[in-house]
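What follows is a single structure, written as structure tokens, with notes after it.
Chain letters run A, B, ... following the sequence lines, proteins first, then strands; residues in each count from 1.
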Amino acid sequence: MKPPPFDYVRARSIDEVLDVLARHGDEARVIAGGQSLVPMMALRLSRPAVLVDLNGVSGLAGIAPHGGALRVGAMTRQVQVLADPQVERLLPGLARATSLVGHHQTRNRGTIGGSIALADPAAENPAFALALDAGIELQSSRGARTLPATGFFSSAYVTEIASDEIVAAIHYPLWGAGTTIAVDEIMRRRGDFALVGMVAALHRDGAGVIDKAGIAWFGLTSEPTRAGELERALVGRRADGLDAAELAQVAMAGIEPREDAQASAAYRRTAGINLAARVLHAALTGAQSR
Amino acid sequence: MSEHTITVTVNGVPMTRQVPARRTLADFLRIDCALTGTHLGCEHGVCGACTVVIDGNAVRSCLMFAVQADGVEVRTVEGVAAPDGTLSPVQRLLREEHGLQCGFCTPGFVMTLTALAERTPPASEEEMRNALSGHICRCTGYQGILRAVRRLARGAQAEG
Amino acid sequence: MTAIRGEGARFMGQRVLRREDLRLLTGQGQFVDDIVLPGMLHATFVRSTVARARIAGIDIQAARALPGVHAIFTAADLSRHVKAQPYMHSNAPGAAQVLHLPLADQDVRFVGDPVVLVIATDRYIAEDAAELVVVDYEPEDPVVDFLTARDAPPVHAEIGTNVGLEFATPDDPGLEKAFAGAAHVITETFSQQRHACVPMETRGVVASWSAGEMTVHLSTQIAHMARRYIGLAVGLGDHQLRVIARDVGGGFGLKAHVDREEIGVIAAAKLLKVPVKWIEDRVEHLTVAGHARQETVTCRMGFDAQGRIVAAHFDHKDDVGSFPLVSPGGIGMMAAMYFTGPYRVPRYGFRAASYFTNTAGRCAYRGPWMTESLIRESMMEIAARQMGMDPFELRRRNVITAAEQPFTTPTGLTFYAVTPAESMEQALKMLDLDAFRAMQAQARAEGRLVGLGASVYIEPSSAGSNPQGVGPSDVAEIRIEPDGRVNVQMSAGTGGNSIETTMAQLIADELGVDMEQVSVRFGDTAHAGFGAGSGGSRQAEFGGSAAKLAAAQMRAKVLKIAGHLLELDPGELEMVDGEIRSTAGANKWISLGELAGIAYLDVLRLPAGMEAGLETRARYHRGHLQNHSNATHLCVCEIDRRTGQVRILRWLVSEDCGVMINPMIVEGQVAGGVVQGIGGVLYEHAAYDEDGNPIATSFKDYLMPLALDVPEIEFGHLVTPGDAPNGAKGIGEGGAIVAPAALLNAVADALAPLGVRVNTLPLSPSRILDLIASAGP
């Protein structure tokens, strides 16, 4: 299980990265944490001719508030998110979601941008970005653009990133006081991809009425999926007194769960509804399950 | 394929070698540095046998290319005991609690626990236990490893 | 100096820390992949991508032209240099023979079947070249389901059938009459899924041929048996072959085999006259290394009104894949032989059948015959529920007591010195059954699913010690060197089972020296005589008894020499603290070092007629078939209704393996087996799709228990010595045999209020929610 041959470029600047991508197009890939890409290469399922390393590029990592959002640089390692005081204060749900990604050893190297770019349908961070409709900041030699997460994830492992683009940062909108975000998932063993998982973000106005809801499933279907019907059902209602178990049924409405070797579609439906009840209860009561 | 001359400081010793781009850090340690204590149990980043410590953090050496480690400090299982052979607390406790049988997965466990125990402040028992989920042991049923972690965490806290 | 009398054994029975650990914890172990030889080349295989096909052509041109490629072998090149071999172990009488050659010739028979062997300067280049080999397959419909394989086109045309073996005990009117007269008859069909052994070190070999001698570094539990098999396959005598296994990164039965790949690499090294290394990668391992435990058993048991078993029938079918490493029928027959286990069963019959399929071959996996316990103990609890009886009371009415021993089973096995009844009571006491029942009643009242499962069993120690098995004997050769230090060579093998420590404990006690004075080496055919090695839970009894006998001989010789030198009767001497001293108060002693020096260098001082030197050897075999250990395991679990996940709350073990050399190591062996058993019940599944494609070929898909998935195991010990010289009885496989039934029963008990039947493994969250759903709202 050894990777096929490739040329390696240790880029020192974003411009250098973008230049290599512009020249090599589909033949080139960037490597961030490498925790998913390198196994794919070892299995010879991914075989870039040119590998451009982002690890030596300055300016791609870091966490800072930025225009009503928390901007997390693409090369910010998952472990840094877990330890960051601003995340803890402003967006603890992101730490909760990230704590469920892989294992301690892979989080030490894996990056936030890498998770977003990979777009694994059972992964936590794409669903988290989707629930908040985060902005995905992309850069290429043609310039920069920011796509909303809702239009970014096309299907399993497929995104709107062009072959000459990289993810530069994720902008998580900060909904401010009155926000609760709950994240949970069912995994066969700790660190496994989710059989089914949910991110539920709610914002209440001063009167306790939900005025914003972002709810995303992961692991349930072939891509991270917003529970749109539930979001619409929640907005405009008072949070207290809502029945999470009923809402969980709504969350599953219209969704055809996937089936794989680890779980049947029926399992994902039943367990997913049960999980949703738990996650929604946590979000409604403000008890972030951590 | 590109070739690269790299210098990796392994257990305090600078190792300068020419490597092909695709050589994994694990193979670099085993083949180019002749440090065969780092084991390959799956080569796809799940089993944890190849775990080493880079700049204080436990990482999978099968999931890094050697060329990416140019200029960094790597610690392997060969660099954990004292120069006179005295076992480190992690090694000693794994032995005292019968935390290994065949010993193939053991270097990975040693490296993860070493990084966590030597961190400032040292990791809690819960953090250590959670980190164990990044390793597979097929022999011990984890019983001795979990006992060693309990003692390690308590000892580290007592000292810290 | 003052003589201090030793008080009993210093090391036997103690939790002595392992000497192996010092190198394994510091990265100084020596596994096969750590071997580097000058000029060594690296091998990889091109493997079939389809389950069943004719090979229409193989194009190696592009691969051969790749720089760094040294050789490429197809069956046309290699087969004539290899003699096809049947199963390495246990050829069940009447079983169909599959002959093994390294590479597929005209047909491929499973996904992963090796077709081409590529040898290059490094593994990276070998894999590049393997990708360039083009094999033209003409696919055919594969046989994937073993239960319908009987009537499907034969996997091996030359055998002409997919029936590997079909055996049945003769029709027994008495058996049917007993069933007809039974107050309760329980019938159930159980299915178990395909497992993989998954030692953390995969298979591997480094073969080097030099001037008529072949040295093979092999990841094996059984160096001597491997040498014999390799010699037969590649045409070398035992005197031309040396097999070395220093550290072995787990075996679990898999490494009691030598498979097609290893033979292919050794044959290639002989042809090329260059050392060749092959290390199996993990995808290869999960795809092609032996699989196990794909079995279906239909069991029928009859009980009288008081709950006494009156009759039983066990009908075992298994999938042996395409190239099994064990004989078809061998495992089913052994399971059937042991099915009646610790209970009195007056009437018994069985069937055992094996079928070939286009899948990876069956191998031995830790307690291969474990369905006997899985099915029997499940049946006992199903029966208890049906009769409305406490499952432990039901067992009490049937379990063999001490007074009945020696006890002969319906299949002719003899049990003596076993304590199944006592172990069950000890385990129940550890649990506090009344407290558990109260907790369970409370939990059930709250709608929670909490269950208790038990499993009582008897384990053959050295199951393979019969003439058709792993091999009949083991040897220990002891030398006390001229400086008084002790070197021991053994035919033993390892897969992590700590015998460097346990054997040193035995010998150090017998010779009255510190363990640090004793070195124990094994796993090298150049160092000790032929022996069976590791497999079938045999090391403590076989290796241990050989070591004990050889050490006793040495002790006798040393005392005789010392008596002569000190002018005392040998009967008045003892070996303690590295010295031979008078026990009768005489102030006379000699150090072992001084005595050893005399034995080798000053030989005229020895007693007349005595051979110089201090060298003894002993070989141990048994005059009867088997010794037996036994245990009871209890599992308490809770099922999450919302997720179908099983959480194990407690796990209790009461075991009796006779005299324990080192209780720490006994517990370690049991714990490892228990967790493998948990893996098999909850997680592990080497599944195929309907086209015969394996779908669990990485650790992302083949799930094994992790540290947070396991309970803390609680141990109780009973010590009833066996008749071996050291009183030990094997326990190495036991955890993996007995644990699955305890967990299955705990899940079944937790779900009992729902009235569902639990008879199919694995108990994945998906299956458990299906079971809960099947009970209705």
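With contacts defined as side-chain heavy-atom distances shorter than 4.5 Å, the pair B:Arg129/A:Arg190 does not qualify. Looking only at side-chain heavy atoms (C-beta outward), B:Cys62 and A:Val38 stay at 4.5 Å or farther from each other.
Residue B:Leu132 does not touch chain A at all, counting heavy-atom pairs closer than 4.5 Å. With a threshold of 4.5 angstrom between heavy atoms, A:Leu37 does not approach chain B through any atom at all. Heavy-atom distances place the side chain of B:Leu116, and not its backbone, under 4.5 Å from chain A. For B:Thr51, the part lying near chain A is the side chain, with the backbone staying farther off; criterion is any non-hydrogen pair under 4.5 Å.
For the set B:Met1, B:Arg22, B:Met64, the entry with the most heavy-atom pairs within less than 4.5 Å of chain A is B:Arg22. When the candidates A:Arg189, A:His103, A:Met40, A:Arg107 are compared by the number of heavy-atom contacts under 4.5 Å with chain B, A:His103 comes out ahead. For the set B:His44, B:Glu3, B:Gln68, the entry with the most heavy-atom pairs within less than 4.5 Å of chain A is B:Gln68.
Distance check, rounded to the nearest 0.5 Å: OG of B:Ser133 to CD of A:Gln105 gives 7.0 Å. How far CG of A:Asp53 is from CG of B:Asp70: 10.5 Å, rounded to the nearest 0.5 Å.
Listed here is the closest heavy atom pair of A:Thr106 and B:Gly45: CG2-O, 4.4 Å. The nearest pair of heavy atoms linking B:Ser2 to A:Asp7 is N-OD1, 2.8 Å. The two residues B:Val67 and A:Arg10 make their nearest non-hydrogen contact at O-NH1, 4.4 Å. Residues A:Lys2 and B:Asp27 come closest through the heavy atom pair NZ-OD2, 2.8 Å. Taking each heavy atom of B:Val59 and A:Asn108 in turn, the nearest pair found is CG1-CB, 3.9 Å. In terms of heavy atoms, B:Phe65 sits closest to A:Met41 at CZ-CE, 3.9 Å.
Other residues, nucleotides and ligands contribute over 12 non-hydrogen atoms within 6.0 Å of the CZ atom of B:Arg75. Heavy-atom contacts from other residues, nucleotides or ligands closer than 6.0 Å to CZ of B:Arg30 number more than 12. Atom CD of B:Glu126 has 12 or fewer neighbouring heavy atoms from other residues, nucleotides or ligands inside a 6.0 Å radius.
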- [ ] Check the pair A:His104 / B:Glu127 against side-chain hydrogen bond (donor to acceptor under 3.5 Å, both in side chains), numbers first and verdict last.
- [x] CA-CA 9 Å; A:His104 167 77; B:Glu127 283 176 275; over 6 Å; no

